[in-house]
Amino acid sequence: MVIYVEKKLIMDELAIQRSLKRITHEIIERNKGVNDLILVGILTRGFYLANTLADLIESFEGVRIPAYSLDIRHWRDDHKRMEQAPKQQNPIPVQDKKIILVDDVLFKGRTIRAAMDAITSIGRAKEIQLAVLVDRGHRELPIRADYIGKNIPSSLNERIQVNVADLDHENAVYICRS
């Protein structure tokens, strides 16, 4: 077990809000509006970020697009596989929709690959785009984000910690070193 002794603030609440507002504008611009868009946040923090993006889209466009949570544990290749896929509390209507997949940190790409497997097991989306708050590099799979809040180059012995107010009582991003 690695113990992280140094924790440095990389993004405060204001920086996160600026990044999420920019990502929101980029999503709207790239998709020429919000028709046929749904947000799918990877549990846990990706779902909270997806809800924030939905709030921002509503404030800019006057339209509320749905935000769903996605449990990807069954599709992970680096964990013991669950026998059955978890039941979605709210089924995600992916068929012929543009999916904005949302996560807090993009690292090796395995979580995103699992999320895409989960989405394609539900139905055929028109398109899947990826929005992440932090891209830290070190990909093992050929996956890249369409929308990035901040690139934070890091070493493999560092960890990026994203805090969201609903869970952690603050909105902040830290880099933790051992």
Side-chain angles (χ1 to χ4, degrees), residues 7 9-73 75 86-107 109 111-116 118-120 122-123 125-136 143-152 159-175:
K7 185 164 123 174
L9 181 67
I10 300 297
M11 295 176 79
D12 62 11
E13 183 164 4
L14 187 56
I16 291 170
Q17 280 302 315
R18 281 189 196 118
S19 291
L20 292 176
K21 285 178 182 177
R22 180 177 38 77
I23 287 171
T24 301
H25 286 296
E26 290 173 1
I27 288 169
I28 294 166
E29 184 176 331
R30 176 177 173 170
N31 292 286
K32 297 175 178 56
V34 294
N35 291 338
D36 294 328
L37 281 184
I38 63 172
L39 295 162
V40 177
I42 298 173
L43 286 177
T44 298
R45 285 165 177 76
F47 177 58
Y48 289 96
L49 294 170
N51 277 309
T52 301
L53 291 173
D55 292 342
L56 289 168
I57 288 170
E58 184 175 24
S59 72
F60 298 146
E61 294 290 297
V63 175
R64 181 76 183 183
I65 66 169
Y68 297 90
S69 64
L70 182 64
D71 182 350
I72 56 134
R73 290 176 294 172
W75 291 274
K87 294 231 185 233
Q88 287 294 127
Q89 288 182 332
N90 296 322
I92 304 171
V94 302
Q95 197 67 34
D96 298 323
K97 298 287 186 184
K98 291 182 184 176
I99 310 297
I100 308 296
L101 187 59
V102 182
D103 203 8
D104 56 349
V105 178
L106 176 57
F107 183 29
T111 299
I112 304 306
R113 189 226 21 100
M116 290 189 298
I119 289 169
T120 57
I122 297 167
K126 185 183 294 183
E127 185 176 351
I128 299 174
Q129 299 169 23
L130 176 59
V132 297
L133 183 60
V134 174
D135 184 346
R136 65 173 287 195
I143 290 174
R144 67 171 178 75
D146 299 285
Y147 314 102
I148 301 168
K150 186 172 182 79
N151 286 296
I152 300 176
R159 184 174 59 89
I160 303 296
Q161 176 183 324
V162 174
N163 290 354
V164 295
D166 290 333
L167 297 174
D168 309 302
H169 310 294
E170 71 170 343
N171 290 317
V173 177
Y174 297 95
I175 188 164

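The first residue of the sequence shown is numbered 1, and numbering continues consecutively from there.
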Within a radius of less than 6.0 Å around CD of E170, do more than 12 heavy atoms belonging to other residues, nucleotides or ligands occur?
yes

Do NZ/NE/NH1/NH2 and the carboxylate oxygens of R64 and D55 come within less than 4.0 Å?
yes

Regarding K98 and D96, does a basic nitrogen lie under 4.0 Å from an acidic carboxylate oxygen?
no

Report the C-alpha distance between K150 and I10 in whole Å, list the side-chain angles of each, state the deciding distance to 0.1 Å, and finish with yes or no for side-chain contact (heavy atoms from CB on, under 4.5 Å).
CA-CA 10 Å; K150 186 172 182 79; I10 300 297; 3.8 Å; yes

Of the non-hydrogen atoms in V132 and A145, which two are nearest, and what is the gap between them?
CG2-CB, 3.8 Å

Closest non-hydrogen contact found for I42 with A115 is CD1-CB, 3.7 Å

Distance, nearest 0.5 Å, that separates CG of N171 from CE of M11:
10.5 Å

Any non-hydrogen side-chain atom of I38 less than 4.5 Å from a side-chain atom of I99?
yes

For L39 and A50 the tightest heavy-atom approach is CD1-O, 3.4 Å

Please give me the minimum heavy-atom distance between I100 and A131, naming the atom from each residue.
CG2-CB, 4.1 Å

Would you please test V34 and I28 for side-chain contact (heavy atoms from CB on, under 4.5 Å) and show each step?
CA-CA 6 Å; V34 294; I28 294 166; 4.1 Å; yes

After noting the C-alpha distance and the side-chain angles of D104 and V134, does the key distance pass the side-chain contact (heavy atoms from CB on, under 4.5 Å) rule?
CA-CA 6 Å; D104 56 349; V134 174; over 6 Å; no

Under 3.5 Å, is there a donor-acceptor pair between the side chain of R45 and the main chain of N163?
no

N/O donor-acceptor pair under 3.5 Å between R144 side chain and L130 backbone
no

CG of D103 to OG1 of T111: how many Å apart, nearest 0.5 Å?
6.0 Å

Measure across A67 and F47 and return the closest heavy-atom pair with its distance rounded to 0.1 Å.
O-CE1, 3.9 Å

Nearest-0.5 Å distance that lies between atom CG in L101 and atom CD in E127
12.5 Å

Rounded at 0.5 Å granularity, tell me how far OH in Y68 sits from CD1 in I119.
12.5 Å

Do Q129 and N31 pass the side-chain hydrogen bond (donor to acceptor under 3.5 Å, both in side chains) test, and can you show the C-alpha distance, the side-chain angles, and the key distance before you say yes or no?
CA-CA 10 Å; Q129 299 169 23; N31 292 286; 2.8 Å; yes

Working to the nearest 0.5 angstrom, can you tell me the gap between T52 OG1 and L133 CG?
10.0 Å

Roughly how far, to the nearest 0.5 Å, is the CG atom of D135 from the CD1 atom of I152?
9.5 Å

Worked check of side-chain contact (heavy atoms from CB on, under 4.5 Å) between V63 and I57:
CA-CA 7 Å; V63 175; I57 288 170; 5.6 Å; no

Report yes if some heavy atom in the side chain of L43 is under 4.5 Å from a heavy atom in the side chain of I72; otherwise report no.
no

Identify the two heavy atoms, one from I128 and one from D146, that lie closest to each other, and give their separation to 0.1 Å.
O-OD2, 4.4 Å

